[in-house]
*Asks:* 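I'd like to ask some things about the structure below.
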Amino acid sequence: TRKDMLTHIQMGSGLMQMNQLQPAFQQCSEALTFAQSFNDTESQILIYYKMGETNRLGNYLDAAVQNFNQAFQIAENTQDK
């Protein structure tokens, strides 16, 4: 449900703030699955951004750039800019 998606986003954000990056990324991945199933592009943009931030904090810079680019591409193709 959308509530589950929001819960995963919030948990991912909280874990990221606690510097628990792997669990944070996993929560974001779970949220992304929900967002994609709902075709919720606004949430997909936010989640890819959060995944990019998590990768950036973990010094996985190539993955971070890829996540940021995914967010940007979705935004470019939608009105959710």
Side-chain angles (χ1 to χ4, degrees):
T1 67
R2 291 189 188 279
K3 186 175 181 181
D4 292 327
M5 178 186 69
L6 295 174
T7 298
H8 284 293
I9 292 170
Q10 290 170 342
M11 289 178 66
S13 294
L15 288 164
M16 187 169 58
Q17 290 175 358
M18 295 173 12
N19 203 37
Q20 300 212 6
L21 302 179
Q22 189 63 33
F25 191 87
Q26 183 61 38
Q27 291 296 320
C28 290
S29 293
E30 294 290 331
L32 183 60
T33 300
F34 283 107
Q36 290 171 332
S37 72
F38 300 136
N39 199 28
D40 182 344
T41 55
E42 184 177 345
S43 292
Q44 289 177 49
I45 293 164
L46 171 67
I47 295 164
Y48 275 121
Y49 175 80
K50 288 185 178 293
M51 291 170 81
E53 279 295 295
T54 303
N55 277 320
R56 184 186 63 79
L57 291 170
N59 208 30
Y60 299 108
L61 301 182
D62 289 341
V65 168
Q66 186 178 30
N67 294 138
F68 293 137
N69 281 337
Q70 287 169 304
F72 181 73
Q73 287 175 348
I74 293 168
E76 284 244 299
N77 293 325
T78 68
Q79 303 257 338
D80 299 328
K81 298 179 184 177

*Asks:* May I ask you to check whether Q26 and E30 show a side-chain donor-acceptor distance below 3.5 Å?
*Replies:*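 Indeed, the side chains of Q26 and E30 share at least one donor-acceptor pair under 3.5 Å.
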*Asks:* Please round to the nearest 0.5 Å and tell me the distance separating atom CZ of R2 and atom OG of S37.
*Replies:*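 Output value for this atom pair is 8.0 Å.
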*Asks:* On a heavy-atom basis, which atom in T1 and which in F34 lie closest, and how many Å separate them?
*Replies:*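 The answer is N-CE2, 3.5 Å.
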*Asks:* Please tabulate, for the side chains in residues 45-52, all donor-acceptor contacts under 3.5 angstrom to protein atoms that are two or more places apart in sequence or on a different chain.
*Replies:*
residue : atom : partner : partner atom : Å
K50     : NZ   : S13     : OG           : 2.8

*Asks:* Are the side chains of N67 and F25 in touch, meaning some heavy atoms are under 4.5 Å apart?
*Replies:*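 Of all side-chain heavy-atom pairs linking F25 with N67, at least one is under 4.5 Å.
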*Asks:* For L21 versus T54, what's the shortest heavy-atom pair and its separation?
*Replies:*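 Taking L21 first and T54 second, the nearest heavy atoms are O-CG2, 3.3 Å.
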*Asks:* Using residues 5-12 as the side-chain source, report each donor-acceptor pair under 3.5 Å to any protein atom, sequence neighbours left out, with the distance given to one decimal.
*Replies:*
residue : atom : partner : partner atom : Å
T7      : OG1  : K3      : O            : 2.9
H8      : ND1  : Q27     : OE1          : 2.6

*Asks:* Side-chain heavy atoms under 4.5 angstrom apart, residues restricted to Ile, Leu, Val, Met, Phe, Trp, Tyr: same cluster for L32 and F38?
*Replies:*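 Yes: a chain of side-chain contacts under 4.5 Å links L32 to F38.
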*Asks:* Evaluate the side-chain proximity of D62 to Q66: yes if any heavy-atom separation is below 4.5 Å, no if none is.
*Replies:*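 Of all side-chain heavy-atom pairs linking D62 with Q66, none is under 4.5 Å.
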*Asks:* Rounded to the nearest 0.5 Å, what separates atom CD in E42 from atom CD1 in I74?
*Replies:*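 The CD1 atom of I74 is 12.0 Å from CD of E42, to the nearest 0.5 Å.
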*Asks:* Could you pull out all residues at least two apart from E53 that satisfy salt bridge (charged side-chain N to carboxylate O under 4.0 Å, His left out)?
*Replies:*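 Residues passing salt bridge (charged side-chain N to carboxylate O under 4.0 Å, His left out) with E53: R56.
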